[in-house]
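For reference, the structure discussed in these notes is given below.
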There are 2 protein chains.
Amino acid sequence: MMKKGSVTIKDIALELGISVSTVSRALADNPLVKPATRQAVKELAKKYNYRPNFTALSLRNNRTRTIGIIIPQLVHEFFSMVIRGIEDFAYSNGYNVIISSTHESYEREVIDTKALINGRVDGLLACVSKSTTNYDHFKEFAERNLPLVFFDCICDEIDSPKVVLDDFEAGYQATQHLVETGCTQIAYVGGPINLQINQDRFGGYKKALNEAGLALNESWIKHCETGDYDDGSESVRDMVAARSIDGLFAGTDMLAIGAIKTMKKAGLQIPKDVAVVGFSNWSIGTIYEPSLTTMSQPGYEMGQKAAELLIQQIDNPDKKLTDTFTLHSELIQRESTQR
Amino acid sequence: MMKKGSVTIKDIALELGISVSTVSRALADNPLVKPATRQAVKELAKKYNYRPNFTALSLRNNRTRTIGIIIPQLVHEFFSMVIRGIEDFAYSNGYNVIISSTHESYEREVIDTKALINGRVDGLLACVSKSTTNYDHFKEFAERNLPLVFFDCICDEIDSPKVVLDDFEAGYQATQHLVETGCTQIAYVGGPINLQINQDRFGGYKKALNEAGLALNESWIKHCETGDYDDGSESVRDMVAARSIDGLFAGTDMLAIGAIKTMKKAGLQIPKDVAVVGFSNWSIGTIYEPSLTTMSQPGYEMGQKAAELLIQQIDNPDKKLTDTFTLHSELIQRESTQR
DNA sequence: TTGTAAGCGTTATCAC
DNA sequence: GTGATAACGCTTACAA
C-alpha cells in the first residue's frame, strides 16, 4: 500500500479520489474545505505518517528556513555556547541550522561556504578561521544578497552586521587586574596576531601597562600560532629561565595552563611567584590546580544576537543592517591571581 | 543585469537566446552540444558565478546527497572525532553533512530526528541520548526505508547496522590493569547505567574482579547520572572517608578527575594510595596532575565506519545491512597508575 | 467546495 | 545540435 519512499499528497489524493489541491488545502486548515473532507484527509495523513517534503517546500517557497553556520571548531566551549545560542534562537523562530566546522582551515572554509551558496540556506553566520586572509568566498555570498552575519572573528572588508566581544576592553581588564594584584613585570602570551581579536587583547594589555607606568618588554611578549596548551608551555620557557616575570596575561585558557605547567615544573609557585590570567572561562579552569582566573566570553548571548540579526535580515531583505554589536567580558577571579 | 537572487540556467538561456535544455547540456559537458555554444554558456555561467540550485537538484534527483547526524553533545572529544571521521568519509564521497546536537535531551532528539525525516537527508547516523528510552522516532525513520546507522549508543530494537566500541572488553582491560598494578580493593564509578555502554564497562569490571578472585563490594560501586566532573567528585566521598579503596575504574575521564580531586583533597596520593583508570582518553588527561591512565576510544574510525555503512546503504538500498561492527579500545598508561 | 494549471530550477526524453 | 515538454512535491490563483 504505502510507497517505498514516503507518502505524498498525491498518494492521499489518489486514495481519497480527490485532487491534490484539496489535500493541500485540507492539511493547511484552509476553511474553504468541507469539514468531512478535511477530516478524511487528516486521518489518512496521520495513518500514513505524512510529512511534507522539505525539498519541494523549499523550492516552492524559495526559502529553506535553514541558516548555515561556518565555525572554526566544535570542541571548544566558547563556540559551543555560541552554537547553542544560535540554535535556540533559530528553533524558536522556526529555523533549522546547518553547522559546518572548518577545523581552522581556509580551504575547508571556502568549500563549506560555497556549498551553502546555492540556495541551501537562507543566510549564513560565520566566524572566520585563523588561517583565512582572503575573503572572496564571503564576498560572493554577500553579492548574491544572501544575508550574512559575522561573529567573533569577523571580516572587516564586508559590509554586514557583526557581533563581537570587546576584546580590547577585556585584555585591558585582565592586565589591570594583574597590576592591582601587585605585578610589575607582566608578560603577554596570545594567539595568532593576524586575528583582530588577538590584536585587540594585546592592545588592551599594552594600554593597561602604559597606564600603570609599566615598561613593555619585548622578550615578555609571545604571539603563538595556535593558542593551544603546547604553545603555552613553550612560550614562557625563556621568561621562566630568566626568572623575569611576576605576572602573565594569556590570550586563552589553554595557553595559560600550558604556561603554568612549565612554570610549576621550573619550581615557580602560582600565584605567589607569578600571577596568571587566562581568557574564555573554559571549564578546565575550575578543575586545574590552581584554578584559573580568566575573562568570561558570553558565547550564548553572542550566538543569540547573531541569529537575531540574521533572521531579521532574512525576513526583511530590503532593510540592510550593517551595525556592529559589541558584547562585554567580565573578570572571573580564582586562585591563579589570589595573593 | 544580474537578478536579485542568483542566476539560473533560464537567465543564461534568455541572454544567449537559446533554450534551457541546451544550457543544461552545455554545463554538463554533453558532447552533443556545439563547442561554440558550450563555450558561450560556460563563459556566461562563469561571469555570473552560476551555481546550480541545490534544492531544485534535490527535488529532481530525489536525493540530497546529505546525511544527517544526531549526536548528544558537541563539546566532547570523542564525539568530535566521530564527526570528523564521518565528515571526511562523507565529503570524499560527495556527501554533505547536517549535524544536530540533542544536548542529551530526548525531546530534542525526537524533534531533530523528525525534522530530518522529510526528505532533507538521504540517511541518518545516530547516537542516542542518555535520556532516551522510547525509540519510535527512529522506528518511523527506518519504516520509510531511510537508511539509518547507529554508533556508540545504539538502539537494539531497530534492525539496522551499528558501530560500537567493545566496552565490555575495555572495562575488563582497565580493571585488569588495576589488578596488575597491585590493587585489591577496586571501586567502580560510571555513567548512567541505563546505557548499554555503561552496562558493558561495568560488566567488564565485574569479570576482571571475578577472575582475579576479588570480592565485589556494593559500596564501592556508583552509577552516576551524568559522567561529569561533579558526579565524579561526589561519588567517591564515602569510599574516601572510609579509606577503603586502593584502585578506581571510572567510566569517563571526567569522573576520574573529579574523583581524584576529592581524593587529593582528602590527603590521598594518586597513584600511591589509589590508582585510577579513566575512559575515553580526553586531552585533559595529559594535562592534569597526575596525568591519567585511560582507555582509548577510536572515534575517528567509528565515524568513518558508520559513514561508510550508511553510504553503502544509500547507494544500494536493496541490500539491507544489519551487521554490528565492533571496534576495540586500548589501554593508555600514564601517571595515575604508575607505581 | 473542489479541480485545473502554473510555477519553483533542474535534467531526461523525446522530437525535429 | 537544439528545443519543447514532462517530471520531482508542493502551493495558489483562477475556474468551475
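Values reported hereafter were calculated over all heavy atoms of this structure, with side chains retained and with hydrogens, waters and symmetry mates removed. By convention in this document, chain letters (A, B, ...) are assigned in the order of the sequence lines, proteins followed by strands, and residues within each chain are numbered from 1.
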Side chain of [X] only, please: which of [options] is the nearest?
X	options	answer
A:Thr37	C:dT2, D:dG9, C:dG3	C:dT2
A:Asn53	D:dG9, C:dT11, D:dT2	D:dG9
B:Val33	C:dC8, D:dT2, C:dG9	D:dT2

Classify [X] by what it touches in the nucleic acid, base, sugar-phosphate, or nothing, heavy-atom distance under 4.0 Å.
X	result
A:Thr55	nothing
A:Asn62	nothing
B:Phe54	nothing
B:Ser58	nothing
A:Leu57	sugar-phosphate

If the cut-off is 4.0 Å, is [X] near the phosphate of [N], judged by side-chain N/O to OP1 or OP2?
X	N	answer
A:Tyr50	D:dC10	yes
A:Ser24	D:dT11	yes
A:Thr22	C:dG3	yes

Is atom NZ of B:Lys10 surrounded by more than 12 heavy atoms (other residues, nucleotides or ligands) closer than 6.0 Å?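 Counting other residues, nucleotides and ligands, NZ of B:Lys10 stays at 12 neighbours or fewer.
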Any donor-acceptor pair, under 3.5 Å, between the side chain of A:Ser21 and the base of C:dT4, if you only look at N and O atoms?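 Check passes, donor-acceptor contact within cut-off.
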Examine the base of C:dG3 for any acceptor or donor lying under 3.5 Å from a partner atom in the side chain of A:Arg25, and report the outcome as yes or no.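 Counting by modelled atom types and ignoring angles, a donor-acceptor contact under 3.5 Å is found here.
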Can any side-chain N or O of A:Glu109 pair as donor or acceptor with the backbone N or O of A:Ser129 at less than 3.5 Å?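 Looks like yes, one N/O pair under 3.5 Å.
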Could you check whether B:Tyr50 and B:Asp11, counting side-chain N and O atoms only, form a donor-acceptor pair closer than 3.5 Å?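 Result is no, nothing qualifies.
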Nearest-nucleotide wise, let me know which of A:Leu59 and A:Leu32 is further upstream toward the 5' end of DNA chain C.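 First, find each residue's nearest nucleotide; the 5'-ward one identifies A:Leu32.
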Roughly how many Å is it from [atom1] in [X] to [atom2] in [N], rounded to a whole number?
X	N	atom1	atom2	result
A:Asp122	C:dC8	CG	P	18 Å
B:Ile12	C:dG9	CD1	P	13 Å
A:Leu27	D:dT11	CG	C1'	12 Å
A:Arg65	C:dC8	CZ	P	21 Å
A:Ile18	C:dT1	CD1	P	14 Å
A:Asn30	C:dG3	CG	P	13 Å
B:Arg144	D:dG9	CZ	C1'	14 Å
B:Asp29	D:dG1	CG	P	15 Å

Less than 4.5 Å apart, any side-chain heavy atom of B:Leu165 and any of B:Pro298?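 Yes. Closest side-chain heavy atoms under 4.5 Å.
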In this structure, which one of B:Asn96, B:Thr64, B:Asn62 forms a side-chain hydrogen bond (donor to acceptor under 3.5 Å, both in side chains) with B:Asp122?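 Of the listed residues B:Asn96, B:Thr64, B:Asn62, the side-chain hydrogen bond (donor to acceptor under 3.5 Å, both in side chains) partner of B:Asp122 is B:Thr64.
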Stepwise salt bridge (charged side-chain N to carboxylate O under 4.0 Å, His left out) test for A:Glu140 and A:Arg144: CA-CA 7 Å; A:Glu140 191 183 333; A:Arg144 278 171 205 250; 3.4 Å; yes
Closest-nucleotide 5' rank along DNA chain D - winner of B:Lys34 and A:Val20: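 The residue mapped nearer the 5' terminus is B:Lys34.
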